[in-house]
Amino acid sequence: SQKIEQNSEALNIQEGKTATLTCNYTNYSPAYLQWYRQDPGRGPVFLLLIRENEKEKRKERLKVTFDTTLKQSLFHITASQPADSATYLCALGLYNFNKFYFGSGTKLNVKP
Amino acid sequence: GAVVSQHPSWVICKSGTSVKIECRSLDFQATTMFWYRQFPKQSLMLMATSNEGSKATYEQGVEKDKFLINHASLTLSTLTVTSAHPEDSSFYICSASWGGGELFFGEGSRLTVL
């Protein structure tokens, strides 16, 4: 069966450290993978997109890697801040940008 | 830019009534709109994909007669929950795409059916 797995346990880290979140998938062949941030009671906000032929993407303090052999993406937030505390969702996009499927998200808590 | 407005943000209704939720892309034309449902601490579950002027494509297990989706224009899609029951209570979120890969989400609509 198709699965998109993110660590269901909250990730607690100290301010200033690097947070690393994992997204693993099975039985999908995504054309690209995205990461979103979701705050409680709000809709997700787009952060980064990485295509299947890209290994790494960066945007300010964010870095995403995409390994289609391992079927895994890693999402890094460097120099984390309490304001980074939120739930982070990965999403797989199929060809033609026609469908998107989301993981269940990992809650990140950055403590001052 | 790329703002998606969803209305209402919350609604309470009696069992058996119908509820309509609107999703508008305010500053871009959305070739495709998606409707998701989210239970507490769970993933966004794709319900259906809609393209302007054509019938929505529903995911397996989603009742198309219960969740009516209309995508009348490139900036408006509506989801109508017909004959709502308490088990339909959930957080419904729409998103819109202009075809570039990223999704722009509405703020979500919290439906409570009494």
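Reckoned from all heavy atoms, side chains included, excluding hydrogens, waters and symmetry mates. First the proteins, then the strands, lettered A, B, ... as listed; each starts at 1.
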Practice task
Examine B/Phe105 together with A/Tyr36 and report whether their ring centres are nearer than 6.0 Å.
Solution key: yes

Practice task
Could you tell me whether A/Lys17 atom NZ has more than 12 heavy atoms of other residues or ligands within 6.0 Å of it?
Solution key: no

Exercise for the section: Looking only at non-hydrogen atoms, find the nearest pair between A/Tyr101 and B/Glu59 and report the distance. Expected result: OH-OE1, 3.0 Å

Problem - Heavy atoms from other residues, nucleotides or ligands near CD of A/Gln14 exceed 12 (cutoff 6.0 Å) - result: yes

Problem - Within 6.0 Å of CZ in A/Arg37, more than 12 heavy atoms from elsewhere - result: yes

Handout entry: Over 12 non-hydrogen atoms of neighbours within 6.0 angstrom of CD in A/Gln2
Key = yes

Handout entry: Ring centres under 6.0 angstrom apart (A/Phe100, B/Tyr36)
Key = no

Handout entry: chain B contacts, top residue of A/Gly105, A/Ser8, A/Pro44 (heavy-atom pairs, under 4.5 Å)
Key = A/Pro44

Handout entry: B/Lys20 atom NZ, neighbour heavy-atom count above 12 within 6.0 Å
Key = no

Handout entry: Heavy-atom neighbours of B/His7 NE2 exceed 12 at 6.0 Å
Key = no

Exercise for the section: Sort B/Gln38 into side chain, backbone, both or neither according to what part of it lies under 4.5 angstrom from a heavy atom of chain A. Expected result: side chain

Practice task
With the side chain counted from C-beta on, respond yes when A/Phe46 and B/Leu103 share a heavy-atom pair under 4.5 Å apart, and no when they do not.
Solution key: no

Practice task
Decide yes or no for B/Ser43 and A/Leu89: does some side-chain heavy atom of the first lie under 4.5 Å from some side-chain heavy atom of the second?
Solution key: no

Problem - Side chain, backbone, both or neither of B/Ile93 within contact of chain A (heavy atoms, under 4.5 Å) - result: side chain

Handout entry: Side-chain donor or acceptor of A/Ser104 paired with backbone N/O of B/Gln42 under 3.5 Å
Key = no

Practice task
Please answer: with hydrophobic residues joined when any side-chain heavy atoms are less than 4.5 Å apart, are A/Leu108 and A/Leu74 in the same cluster?
Solution key: no

Problem - Proximity breakdown for A/Gln38 and chain B, heavy-atom pairs closer than 4.5 Å - result: side chain

